[in-house]
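A short worksheet on the structure shown next.
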Amino acid sequence: MFALIAAILFLLALIFQIAGVAIGAVVTAATLALAGLLAVALHLMGVGTGWTLKR
């Protein structure tokens with residue numbers, strides 16, 4: 001789950017970087033990249049791996 005979130009954040013960071021877009025002073029390509037790195041770290045740490053779909 002966190003790996004998917006990281007991939008989406010990295011994609012947004014790439015698009016922001018290529019287009020030179022920044023939403024305000026807070027959301028920039030660097031902020032999205034750091035959030036993506038946080039999601040990757042959580043994924044590698046094993047957070048969220050115990051989630052299962054109950055059918």
Side-chain angles (χ1 to χ4, degrees):
M1 182 68 179
F2 283 109
L4 178 64
I5 293 169
I8 291 169
L9 288 172
F10 284 138
L11 177 66
L12 287 173
L14 177 65
I15 292 170
F16 279 25
Q17 184 68 35
I18 290 172
V21 176
I23 301 174
V26 177
V27 181
T28 62
T31 306
L32 291 173
L34 287 174
L37 288 173
L38 174 64
V40 168
L42 290 172
H43 173 73
L44 291 175
M45 196 170 64
V47 174
T49 57
W51 297 345
T52 59
L53 293 176
K54 298 185 182 195
R55 297 181 185 190

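Considering every non-hydrogen atom in both Gly36 and Ala6, the closest pair reads O-CB, 3.5 Å.
Among residue pairs with one or both ends in residues 22-31, those qualifying as side-chain hydrogen bond (donor to acceptor under 3.5 Å, both in side chains) are Thr28-Thr31; sequence neighbours excluded.
In this structure, Leu14 shares a hydrophobic cluster with Ile18, the cluster being traced through Ile, Leu, Val, Met, Phe, Trp and Tyr side chains under 4.5 angstrom apart. Here Leu34 is tied into one hydrophobic group with Phe10, Leu37, Val40, Leu44, each link being a pair of ILVMFWY side chains closer than 4.5 Å.
Separating the NE2 atom in His43 from the CG atom in Leu4 is a distance of 10.5 Å, to the nearest 0.5 Å.
Among the candidates Ile15, Leu11, Leu9, the single residue satisfying the side-chain contact (heavy atoms from CB on, under 4.5 Å) test with Leu32 is Leu9.
In this structure, Phe2 and Leu38 have side chains that are not in contact, with every pair of non-hydrogen atoms separated by 4.5 Å or more.
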